[in-house]
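What follows is one structure encoded as structure tokens, with my remarks underneath.
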Amino acid sequence: MKIAIASDHAGFEMKEFAKNFLQDSGYDVLDLGTNDCSSVDYPSFANKMAEAILGGKADAGVLVCGTGIGISIRANRHKGIRAALLYSDEVAEMAKKHNNANVIVFGGRTMNKEDVARRIKIFFATEFEGGRHQKRIDMLDY
Ligand code: RB5
């Protein structure tokens, strides 16, 4: 499974952490930037992520900005992207089970590394339940 990862400057450090965690867990990671802590605009990195997923260059994605909010908003404006901000372990599980999220999002300034690593693990270890949830997902992109 190929996982794309991207962040703005406020999420850079957490992105690097998540990238290493994913690689150590055996995933193939496509890093879409940013590449340092210089100020950049988070919508551009949400757009890069959407292009990678919708263009078939990655199977899933991880996005990080300061709070995870701005980058989620932009990512979710792309038809076909289901970006979920994983603010708890329960949400990490439900984002896959019920929403089949294809992008997971973290706040680099609002979450700690231990929580982020655990939620990445929970999300990718969980299966989508399908059934009635698939019908609802089909209704998202009308
Ligand atoms: C950047 O300062 C910050 O606004 C951004 O990373 C994010 O938190 C926006 O939602």
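The structure displayed is predicted, hence computed values, not measured ones. Whatever order the structure lists ligands and atoms in, that order sets their numbers, starting from 1.
- With ligand atoms numbered from 1 in the order given, ligand 1 contributes 1 (C), 2 (O) to contacts under 4.0 Å with heavy atoms of H9.
- Nearest protein heavy-atom neighbour of atom 5 (C) of ligand 1: D8 OD2, 3.3 Å.
- Considering backbone and side-chain N/O of C65, none are found under 3.5 Å from N/O of ligand 1.
- At a threshold of 4.5 Å between non-hydrogen side-chain atoms, the residues Y27 and F124 count as touching.
- Taking any N or O of I69, backbone or side chain, none lies under 3.5 Å from an N or O belonging to ligand 1.
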Output side-chain donor-acceptor pairs under 3.5 Å for residues 66-75, partner residues at least two apart or in another chain, one line each.
unit_1	atom_1	unit_2	atom_2	d
T67	OG1	I69	N	3.1
S72	OG	G68	O	2.5
R74	NE	N47	OD1	2.7
R74	NH2	N47	OD1	3.3

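- Contact atoms of ligand 1 toward A10: 6 (O) (distance under 4.0 Å to a heavy atom of the residue).
- Shortest contact from atom 2 (O) of ligand 1 to any protein heavy atom: R109 NH1, 3.4 Å.
- Scanning the protein for heavy atoms near atom 10 (O) of ligand 1, the closest one is G70 N, 2.9 Å.
- Put simply, NZ on K97 and CD on E127 are 11.0 Å apart, with the number rounded to the nearest 0.5 Å.
- Geometrically, ligand 1 and Y42 share no nitrogen or oxygen pair separated by less than 3.5 Å.
- Take E16 and apply the salt bridge (charged side-chain N to carboxylate O under 4.0 Å, His left out) test, not counting sequence neighbours, and it matches K19.
- Under the 6.0 Å distance and 45° angle rule, K96 counts as a cation-pi partner of F123.
- Interface atoms of ligand 1 facing G66, defined by a heavy-atom separation under 4.0 Å, are 5 (C), 6 (O), 7 (C), 8 (O).
- Shortest contact from atom 8 (O) of ligand 1 to any protein heavy atom: T67 N, 3.0 Å.
- A salt bridge between E13 and K113 is present, with a side-chain N of the basic residue lying under 4.0 Å from a carboxylate O of the acidic one.
- Between D31 and K15 there is a salt bridge, since a side-chain N of the basic residue sits under 4.0 Å from a carboxylate O of the acidic one.
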